Number of protein chains: 2
Amino acid sequence: MTEAKRPRVPREKAQEIILNAAEELFYQEGIHAVSVDAIVERAGMNKMSVYRQFSSKTDLILAYMTRKQDVFWQEWEESIAKHPNRPREQLIQFFADLAERATNEQFRGCCFINVAVEFPDPVHPVRELVCSHQKRIRNAFLDRTTALGTANPCELAYTLILLMEGTYADSQTYGTDSAAIRMVPAIVEKVLDQALHN
Amino acid sequence: MTEAKRPRVPREKAQEIILNAAEELFYQEGIHAVSVDAIVERAGMNKMSVYRQFSSKTDLILAYMTRKQDVFWQEWEESIAKHPNRPREQLIQFFADLAERATNEQFRGCCFINVAVEFPDPVHPVRELVCSHQKRIRNAFLDRTTALGTANPCELAYTLILLMEGTYADSQTYGTDSAAIRMVPAIVEKVLDQALHN
DNA sequence: TAAGTTTGTTACTGAGTAGTAACAAAGCGT
DNA sequence: ACGCTTTGTTACTACTCAGTAACAAACTTA
């Protein structure tokens, strides 16, 4: 019989394994509710392997958020790409895709809002990441509502952002059963058409 | 010189002092971030005095939420009472008052959503309290949109709820500077008028 | 005044927390 | 084979957490 080996995992691979574990746990359970030890266990790794890749738990949180940020923009681009040069359909599509995600069992709302809830200190690094992300979102919506050619692209963009954040929040309480979320695409369509027809 | 006294505080008074401290800390810092010891210190009390009134931290959280629930309905009724039998103005007033609260320094979003973020377990008692509260809110909005006499009171109610929850969420990231929140009353007015004029 | 009850205070338990020191084993280049 | 770097493993530090035991002081009722 061969002895118990100690299979070694290189830096890059280790980082991804750890981040996968952190992503699931942080998102599902919340940041404060998840210990580094829990992530270590979930990743099937050793504690030192984590602290050699990430200098602190805060570092891990930031990496988790950066990854979630990428996911968001990937989903955004996917929805937009379905209707080239048709901002109205692009926005409706985004909300249709969002509504579908938001009624999934695993969905736990907007991870950035969730982080903001757990970290009230406005100068904490994770909060600043949340803030910059929200500003990018605002700009993306403004870009699309401006492309629509409506009279008040700013107000329309803010309306849509509020509806999006409301959808995220609603999923927290009603889960897969939210009648409100199922109506979101229709609601957005009405809002857009009102803005277009004055 | 008189010796150092040990001023005694009766049950009822103690409960209120403790709840005041818990309310501020839980709402401002988050549940998991606040220890019972921190509440004890803030209340200027002794730990045993807390555990004689509340059997556990969960018990304290539930009492905190019950109190916040009362505050919500008080604010709701206040807004409604300003325009008797005029549901359109009542709803606009509610959002105007909400927008004002949401741009205050101390505002930290909807405490029920915040609790839901920190307690993912759907069968946890605090989650069930959140859920029942959200259902009461839904009914209150439905009651007012039905009174409006619009064609689709359900869709309108859900739209307003999403806008409300979006407002709560937005305050977390932009604080007193949210342009979106400042526009909320105007947005709601448009939404209502669209629903009324078909 | 005497007995019973409520409150204040101290000190503690046992479990969990983030993060680290120290060394062993594996891989790599020479 | 030789050092050098990277990774695995164990054990640990110093701290915080929720909750409690035990007793002393104050108030209440008789």
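Nothing here was measured: the structure is a model prediction, and the numbers come from that model.
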B:Ile18 atom CD1 is separated from C:dG8 atom P, nearest whole Å, by 9 Å
Sorted by chain and residue number, the side chain to side chain contact (heavy atoms under 4.5 Å, CB included) partners of B:Thr66 (sequence neighbours excluded) come out as B:Leu129
Using a cut-off of strictly less than 4.0 Å, decide whether B:Ser49 has a side-chain nitrogen or oxygen near OP1 or OP2 of C:dT7. no
note: A:Glu12, atom CD; D:dT7, atom P; distance rounded to Å ~ 11 Å
Residues in residues 116-127 of chain B with a heavy atom under 4.0 Å of DNA chain D, by number, are none
From NZ of A:Lys13 across to P of C:dG27 the rounded distance in Å is 16 Å
Under-3.5 Å N/O pairs linking protein and nucleotides 3-6 of chain C:
from  : atom 1 : to     : atom 2 : distance (Å)
C:dT6 : O2     : B:Arg8 : NH1    : 2.7
C:dT6 : O2     : B:Arg8 : NH2    : 3.1

Quick note, ring pair (Phe, Tyr, Trp, His ring centres under 6.0 Å) partners involving residues 33-66 of chain B, not counting sequence neighbours, are B:Phe26-B:Tyr64
Taken to the nearest whole Å, CG/A:Asn46 to C1'/D:dA11 is 11 Å
The ring-ring contact (aromatic ring centres under 6.0 Å, His included) partners of A:Phe112 (sequence neighbours excluded) come to A:His133
Protein-nucleotides 18-23 of chain C N/O pairs closer than 3.5 Å?
from   : atom 1 : to      : atom 2 : distance (Å)
C:dA18 : OP1    : A:Val36 : N      : 3.4
C:dA18 : OP1    : A:Lys57 : NZ     : 3.2
C:dA18 : OP2    : A:Val36 : N      : 3.0
C:dG19 : OP2    : A:Tyr51 : OH     : 2.9
C:dG19 : OP2    : A:Lys57 : N      : 2.8
C:dG19 : N7     : A:Lys47 : NZ     : 2.9
C:dG19 : O6     : A:Lys47 : NZ     : 2.9

Hits for salt bridge (Lys or Arg N to Asp or Glu O under 4.0 Å) against B:Glu100, two or more places apart or cross-chain, chain-then-number order -> none
Rounded to whole Å, the CG-P distance (B:Asp59 to D:dA18) equals 14 Å
Rounded to whole Å, the CD1-P distance (B:Ile39 to D:dG19) equals 11 Å
To the nearest angstrom, the CD-C1' distance between B:Gln15 and C:dT7 comes to 14 Å
Applying side-chain hydrogen bond (donor to acceptor under 3.5 Å, both in side chains) to B:Arg108 and not counting sequence neighbours gives B:Gln172
Hits for side-chain hydrogen bond (donor to acceptor under 3.5 Å, both in side chains) against B:Glu155, two or more places apart or cross-chain, chain-then-number order -> A:Lys190
Which pairs of donor and acceptor atoms, one on a side chain in residues 9-18 of chain B, lie under 3.5 Å apart (sequence neighbours left out)?
none

Less than 4.0 Å between a side-chain N and a carboxylate O, is that true for B:Asp121 and B:Arg127? no
With sequence neighbours left out, the residues meeting side-chain hydrogen bond (donor to acceptor under 3.5 Å, both in side chains) with A:Gln93 are A:His83, A:Asp97
Atom CD of A:Glu41 and atom P of C:dT17 are separated, to the nearest Å, by 11 Å
Should the pair B:Glu89-B:Lys82 be classified as a salt bridge under the 4.0 Å nitrogen-to-oxygen rule?
-> no
Those residues at least two apart in sequence (or on a different chain) that pass side-chain hydrogen bond (donor to acceptor under 3.5 Å, both in side chains) with A:Thr103 are none
